[in-house]
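This chain uses plain numbering: 1 for the first residue, then up along the sequence.
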Amino acid sequence: MKKFAYLFIFVSTLFLSTSCSDSESFDPYQEQEKVPFYPSKMTFRSATDKSSTQEDWTFKYNSDKYITSYTCKQTVKKNDGLTITEQTSGKLDYYIDFDGNRRIVNQIIVEYKSSKGAEYKDTITENAKFTGNYISSIEVMKKHFQSGVSEINSYVRSFTYSQDYCTGSSVRDKNNESTYTYRWSGDKLTQATIHNQSINGNNITHDTYDYTYSDREIVPDYGFDPLAFIYGHNNKIYAAMGFFGKSTPYKMETLSYNGYEKIDGRQYPLQSFILDYTITEVQGTTVEYSAIADDYLEYKYTFRK
């Protein structure tokens, strides 16, 4: 962790007294320090002894601090010499439809290349519809181009809420159907499960993510939500702007994962892991979520103004 010494210890969190925690009137969202922070760049790096992954993001905003465009370049390098690059760019337009509903149209281009010769390009149009302040559905049309062949796929992902918290979503296309379930304990997201199944039922993947948080440390309200990238369940761009409801205001401490897959009726466990998070910041310029795990040499998200 010495490489992070240039960052000051995270001092902006608030420490809650037991009496406040027990008070029914206590509202952690009201206690969050307001520290407007809208990063122009984000870098994610992870590394094991077998491979490394890096993502370099950029963000641009309008006067309302909504993201209007973004880019992401992901590079994966494996010890066997394979290198994979995927470049994504998105452009967002905001409008009110004829029924008075808020909408977002997001035009996305994805270009994929591997050092072994595989290449493809996707052009994606997302049309997100709001109910009140939160996204209730996203209509997606995706054109996939590879080896001179094009294929079009479309689907709708719908979201459910309880008060201001997203409790789940579902999506089905011509090949697969997925169900996302979110469990909350008060204002803390404690578990997310993602169940994906092929339409014919032969293939299944089931992922479970469990989270723990500090009972006393509240993270600042940055306006831009870094947890959108830490969680990664929903569209990260929309989640960063708070369009999927409230996010947990407490400092995340651990993320644990386990899962399984079924292929032609046979079940196989997936590699489980636990990440222990540390949050550091330089006031107003940098926010960093770094994690320690047994199988990782490095694992961190760095957001910069």
Within the 4.5 Å heavy-atom criterion, are Ile263 and Glu261 side-chain neighbours or not?
yes
Donor-acceptor contacts, no H, no angles, side chain residues 128-140, under 3.5 Å, sequence neighbours left out:
from   : atom 1 : to     : atom 2 : distance (Å)
Thr131 : OG1    : Ser136 : OG     : 3.1
Tyr134 : OH     : Asp164 : OD1    : 3.2
Ser136 : OG     : Lys129 : O      : 3.2

Nearest heavy-atom pair of Lys236 and Gly232: which atoms, and what distance?
CE-CA, 4.1 Å
Using side-chain heavy atoms (C-beta onward) and a distance below 4.5 Å, is Leu189 in contact with Tyr231?
yes
Side-chain donor-acceptor pair under 3.5 Å between Gln74 and Glu55, yes or no?
yes
Can you tell me if Thr85 uses its side chain to pair, donor with acceptor, with the backbone of Thr75 under 3.5 Å?
no
Are side-chain heavy atoms of Pro39 and Lys305 found at a separation under 4.5 Å?
no
More than 12 heavy atoms of other residues, nucleotides or ligands under 6.0 Å from CG of Asn200: is that the case?
yes
Just checking Gln267: does its CD atom have more than 12 heavy atoms from other residues, nucleotides or ligands closer to it than 6.0 angstrom?
yes
Mind checking who shares a hydrophobic cluster with Ile152, ILVMFWY linked at side-chain heavy-atom distances under 4.5 Å?
Met141
Would Tyr289 end up clustered with Ile274 when hydrophobic side chains under 4.5 Å apart are linked, directly or stepwise?
no
Search all heavy atoms of Phe159 against all heavy atoms of Cys166 and return the closest pair with its distance.
CD2-SG, 4.2 Å
Are Tyr277 and Tyr213 close enough that some pair of their side-chain heavy atoms sits under 4.5 Å apart?
no
Are the side chains of Asp187 and Thr248 in touch, meaning some heavy atoms are under 4.5 Å apart?
no
For the student: nearest non-hydrogen atoms of Ile67 and Ile237, plus distance
CD1-CG2, 4.0 Å
Thinking salt bridges, do Asp97 and Arg103 make one under a 4.0 Å N-O criterion?
yes
How about Lys246: does its NZ atom have over 12 heavy atoms from other parts shown lying under 6.0 Å from it?
yes
Determine, stepwise, if the pair Tyr238 / Phe243 fulfils ring pair (Phe, Tyr, Trp, His ring centres under 6.0 Å).
CA-CA 6 Å; Tyr238 307 150; Phe243 294 154; 7.1 Å; no
As a quick check of understanding, evaluate salt bridge (Lys or Arg N to Asp or Glu O under 4.0 Å) for Glu151 and Lys174, giving each step before the final call.
CA-CA 12 Å; Glu151 181 182 11; Lys174 61 184 179 182; 3.2 Å; yes
Where Ile96 and Arg102 come nearest, the two heavy atoms and their spacing:
CD1-CG, 3.7 Å
For residues Ala239 and Ala228, report the shortest heavy-atom separation together with the two atoms involved.
CB-CB, 3.5 Å
With side-chain hydrogen bond (donor to acceptor under 3.5 Å, both in side chains) as the criterion, how do Glu288 and Thr302 come out once you've worked through the C-alpha distance, each side chain's angles and the decisive distance to 0.1 Å?
CA-CA 4 Å; Glu288 185 167 273; Thr302 304; 2.6 Å; yes
For Asp173 and Asn153, does a side-chain donor sit closer than 3.5 Å to a side-chain acceptor?
yes
Would you check if there is a donor-acceptor pair between the side chains of Thr160 and Thr167 at a distance under 3.5 Å?
yes
May I have all residue pairs that pass ring-ring contact (aromatic ring centres under 6.0 Å, His included) and include part of residues 171-199, sequence neighbours excluded?
Tyr165-Trp184, Tyr182-His233, His195-His206
Sub-6.0 Å ring centroid separation between Phe44 and Trp57:
no
Side chains of Tyr299 and Ser290: closer than 4.5 Å at any heavy-atom pair?
no
Decide whether Asn196 and Ser178 meet the rule of one side-chain donor and one side-chain acceptor closer than 3.5 Å.
yes
Mind checking whether Ile292 and Glu298 have side chains closer than 4.5 Å, heavy atoms only?
no
For Asn176 and Ile199, the nearest pair of non-hydrogen atoms, with its separation, is N-CG1, 3.7 Å
For the residue pair His144 and Tyr120, categorise the inter-ring angle as parallel (less than 30°), tilted (30 to 60°) or perpendicular (more than 60°).
tilted
Test Lys91 against Asp93 for salt bridge (Lys or Arg N to Asp or Glu O under 4.0 Å), laying out the working first.
CA-CA 7 Å; Lys91 182 180 182 300; Asp93 290 298; 3.4 Å; yes
Side chains of Thr286 and Phe303 in contact at under 4.5 Å (non-hydrogen atoms)
no
When you look at Lys188 and Asp215, which way does the salt bridge (Lys or Arg N to Asp or Glu O under 4.0 Å) test go after all the steps?
CA-CA 10 Å; Lys188 296 177 181 178; Asp215 288 329; 2.7 Å; yes
Under 4.5 Å between side-chain heavy atoms, chaining through other members, with only Ile, Leu, Val, Met, Phe, Trp and Tyr counted: pull out the rest of the cluster around Tyr260, sorted by chain and number.
Ile204
I'd like to check the ring-ring contact (aromatic ring centres under 6.0 Å, His included) partners of Phe145; sequence neighbours left out, ordered by chain and number.
none
How about Phe229 and Tyr301: are their ring centroids closer than 6.0 Å?
no
Each residue besides Tyr95 in its hydrophobic cluster should be listed here, by chain and number; the cluster joins Ile, Leu, Val, Met, Phe, Trp and Tyr at side-chain heavy-atom distances under 4.5 Å.
Val105
Is the number of heavy atoms from other residues, nucleotides or ligands under 6.0 Å of Lys50 NZ greater than 12?
no
Hey, can you tell me if Tyr61 and Phe59 have their rings parallel, tilted or perpendicular (30° and 60° cut-offs)?
tilted
Cation-pi check, Lys121 to Tyr112: give yes when NZ or CZ is under 6.0 Å from the six-membered ring centre and within 45° of the ring axis, no otherwise.
no
